[in-house]
Amino acid sequence: MARMQEVSFNESGKVNSQTTSTNLTSKCAVPSPPDHADMKMKKKKLSGLRRAIRAIFKSKERKAANPSPEIKASSSEMPTRLEKEMVEDVAIAATVESVDEESVSSSSQCSSASDKSLETGTSPSKQASSTPPPPQKSPPAPRARASPRPKKSPSQDKPKKSGFYMYNGYPSYLGSRLYQCSDIEPELDILGQWVEVGSGETGTVHLVRIPSESNKLVAAKIIQGHDPEARFQKEVDALHITDSHPSFPQLIGVVEQSPFRCILEEFVGNDFIPESITLEDVLSNQKVAASDIPHSDWFQIARDIADGINYFHKLEYLHVNLKPENILLYATDGNWKGWRAKICDLGDCTFARLPPTIHSTPEIQAAAKSAAKPFVAPEVLRDATPFTLAADVYAFGRILRAVGKRAKIASLRHIGKKCARKTAHKRPSIDKVCSMLKRPSSPK
Ligand SMILES: Nc1ncnc2c1ncn2[C@@H]1O[C@H](COP(=O)(O)OP(=O)(O)OP(=O)(O)O)[C@@H](O)[C@H]1O
């Protein structure tokens with residue numbers, strides 16, 4: 001919204017100035033192509049008028065300082081017709097000029113243009129008030145108050161989530177994390193085959209080493225399936241924004257050597273066995289038995305998952321595909337103790353602008369339907385029903401219930417039940433769930 005000052009004369013000949021508002025953002029919708037020759041003419045006319053009016057006021061001041069009897073008689077407070085016309089001309093020209101300027105800038109930057117002009121003092125109101133002061137004794141023109149700077153919403157302070165700057169077809173944040181096939185070495189099993197740590201509907205994950213980085217062991221995810229390009233980009237972006245959070249695997253980089261392409265991420269597992277352990281493995285008593293994990297570790301695992309979801313939701317993302325297969329477990333000490341968890345498979349995540357209401361799209365429906373059914377919130381499965389971040393809370397609730405049942409921890413099952421309520425608005429927020437899990441009385 002830009003403000004304009006209209007300058008006019010009242011009956012007593014004094015200058016009135018009043019501020020009116022014109023919604024210039026409406027111009028942004030259909031920006032008219034700027035006519036530069038026309039603008040140049042207007043600017044020229046405006047500066048000529050300004051010069052002339054300045055000269056008149058100067059000579060008036062001189063006369064006031066040195067009044068002759070004839071001048072005294074004629075120098076009433078009423079401005080001459082010429083002066084009046086000129087002041088009006090200047091006001092109109094200033095208005096026209098500023099509107100033109102705004103329409104030019106609006107073609108590149110819509111709404112920010114008018115706000116910026118207010119901040120930088122190039123607003124029409126300031127231009128109009130910069131006209132020379134009216135003849136002496138007339139009351140000072142009320143200064144147009146610049147509208148207050150728009151307050152930043154808290155979400156503006158958050159890290160940028162999408163639209164990363166691209167360089168050579170890659171997001172610029174990847175920087176030196178672009179690898180060639182020759183930069184990695186596959187981890188081979190005793191049969192000389194690539195070690196596969198897992199696979200799903202859309203990807204296969206292998207173990208590889210990076211010789212130039214102290215032979216670091218990393219997970220290389222090759223994405224196949226429907227629209228691998230979009231999925232690849234989405235997963236890399238999501239791993240990038242969660243990079244600093246301990247509940248997600250770290251993004252190591254991307255291998256690009258056409259036609260081979262994979263995402264390199266932190267290998268979440270135990271160095272002594274080259275395979276990953278998912279929550280699904282433990283719940284189905286494979287690799288590790290649920291009863292072998294102490295209760296306090298189960299609470300830590302639940303907190304890790306909840307903290308990860310909370311962080312993801314704060315970034316206004318919905319995971320969509322939370323299930324035990326996508327929860328990776330790892331022991332922090334060699335005695336299979338100190339278990340922690342990380343959330344993987346961010347390829348289905350959806351950006352959910354807050355307040356979070358997502359209208360189901362065919363892609364979301366497809367992703368949700370391909371996810372393990374008991375973990376998908378009922379509202380997600382219903383066609384054309386808007387759903388919210390509470391859909392992830394539902395999935396987490398189902399996970400907690402399964403853990404509580406398998407590990408025989410009643411309080412986890414109880415929290416899980418609350419989260420997995422059928423009605424979305426009856427579920428607690430993930431913030432609340434985090435604090436429930438942090439209560440000192442919780443591990444029982
Ligand atoms: N960073 C990692 N470290 C260790 N193992 C991993 C890692 N990422 C994935 N895995 C393993 O690979 C499996 C498949 O990975 P992921 O879930 O990302 O594939 P997907 O095809 O996207 O799965 P979905 O069928 O759920 O879409 C996981 O269940 C896990 O066992």
Side-chain angles (χ1 to χ4, degrees), residues 177 184 186-187 189 194-210 216-240 242-243 245-255 261-284 286-288 301 304-305 308 312 318-332 339-350 363-376 380 391-392 395-396 398-399:
R177 295 186 289 179
I184 56 166
E187 185 77 351
D189 61 17
W194 284 43
V195 173
E196 188 185 301
V197 286
S199 65
E201 295 256 325
T202 53
T204 314
V205 182
H206 295 276
L207 262 189
V208 299
R209 288 191 187 270
I210 308 178
K216 186 158 70 179
L217 200 60
V218 300
K221 180 168 177 177
I222 301 165
I223 294 181
Q224 308 114 356
H226 172 69
D227 200 359
E229 187 63 37
R231 210 186 151 86
F232 184 91
Q233 186 62 55
K234 211 200 284 185
E235 187 144 5
V236 174
D237 278 354
L239 281 169
H240 166 66
T242 54
D243 217 12
H245 199 278
S247 295
F248 297 91
Q250 212 191 328
L251 174 67
I252 308 289
V254 162
V255 177
R261 207 176 191 207
C262 71
I263 302 170
L264 297 181
E265 54 186 85
E266 174 195 359
F267 167 60
V268 183
N270 305 284
D271 282 353
F272 40 90
I273 40 163
E275 60 180 6
S276 60
I277 299 172
T278 64
L279 182 59
E280 175 59 23
D281 293 333
V282 181
L283 293 178
S284 54
Q286 291 170 33
K287 298 182 188 174
V288 181
I301 288 168
D304 284 343
I305 306 168
F312 213 48
L318 183 81
H319 189 287
V320 182
N321 194 5
L322 282 171
K323 56 183 179 183
E325 289 93 328
N326 288 337
I327 309 294
L328 301 167
L329 302 183
Y330 62 104
T332 51
W339 287 90
R340 304 290 304 256
K342 285 186 195 261
I343 303 169
C344 74
D345 194 8
L346 309 180
D348 287 318
C349 70
T350 296
E363 295 86 55
I364 294 172
Q365 286 278 323
K369 279 173 184 161
S370 76
K373 253 237 173 89
F375 302 96
V376 183
V380 180
D392 276 351
F396 180 57
R398 296 297 300 235
I399 292 171

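Whatever order the structure lists them in is the order used to number ligands and atoms, beginning at 1. All values derive from a computational prediction rather than experimental measurement.
- L264 is listed as a side-chain neighbour of I210, based on a closest heavy-atom distance under 4.5 Å.
- Rounded to the nearest 0.5 angstrom, T202 OG1 and F232 CZ are separated by 12.5 Å.
- Heavy atoms of T202 found under 4.0 angstrom from ligand 1 belong to the backbone as well as the side chain.
- Taking each of I263, I222, V268, L251 in turn, the one with a heavy atom nearest to atom 4 (C) of ligand 1 proves to be V268.
- Using a 4.0 Å heavy-atom cutoff, S199 is listed among the residues neighbouring ligand 1.
- Contact annotation: for T278 versus ligand 1, heavy atoms closer than 4.0 Å belong to the side chain alone.
- With a 4.0 Å heavy-atom cut-off, ligand 1 is reached by the backbone of E266 but not by any atom from C-beta on.
- Atom numbering of ligand 1 starts at 1 in the shown order; those under 4.0 Å from a heavy atom of E201 are 21 (O), 23 (O), 24 (P), 25 (O).
- For ligand 1, the atoms lying closer than 4.0 Å to a non-hydrogen atom of E265 are 1 (N), 2 (C), 8 (N).
- Judged by the shortest distance from any of its heavy atoms, K323 lies inside the 4.0 Å radius around the atoms of ligand 1.
- To the nearest 0.5 Å, atoms NZ (K287) and CG (D281) are separated by 4.0 Å.
- The atoms of ligand 1 that sit less than 4.0 Å from any heavy atom of F267 are 3 (N), 4 (C).
- Close approach to A219 involves these atoms of ligand 1, each under 4.0 Å from a residue heavy atom: 1 (N), 2 (C), 3 (N).
- Using a 3.5 Å distance cut-off with no hydrogens or angles, the side chains of T204 and E196 do not pair a donor with an acceptor.
- When the salt bridge (charged side-chain N to carboxylate O under 4.0 Å, His left out) test is applied to R209, the partners found at least two apart in sequence or on another chain are E187.
- Every atom of ligand 1 is numbered from 1 in the order shown, and the set under 4.0 Å from a heavy atom of S276 is 4 (C), 5 (N), 11 (C), 30 (C), 31 (O).
- The part of L328 lying near ligand 1 is the side chain, judged by heavy-atom distances below 4.0 Å.
- Note that CD1 of I301 is 7.0 Å distant from CG of L279, once rounded to the nearest 0.5 Å.
- Taking every non-hydrogen atom of N321 and a distance limit under 4.0 Å, the qualifying atoms of ligand 1 come out as 26 (O), 27 (O).
- Residue contacts with ligand 1 for R231 involve side-chain atoms from C-beta outward but no N, CA, C or O (heavy atoms, distance under 4.0 Å).
- Once rounded to the nearest 0.5 Å, the distance linking NZ of K216 with CD1 of I184 reads 13.0 Å.
- Shown in contact with E325 at under 4.0 Å from a heavy atom are these atoms of ligand 1, numbered in order with element: 28 (C), 29 (O).
- Residues forming a salt bridge (charged side-chain N to carboxylate O under 4.0 Å, His left out) with E235 (at least two apart in sequence, or on another chain): K221.
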*Any chance you could lay out the salt bridge (Lys or Arg N to Asp or Glu O under 4.0 Å) test for D348 and R231, step after step, and finish with the verdict?*
CA-CA 8 Å; D348 287 318; R231 210 186 151 86; 2.8 Å; yes
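- One finds the CG atom of D237 at 11.0 Å from the CG atom of L346 (value rounded to the nearest 0.5 Å).
- For ligand 1, the atoms lying closer than 4.0 Å to a non-hydrogen atom of N326 are 17 (O), 26 (O).
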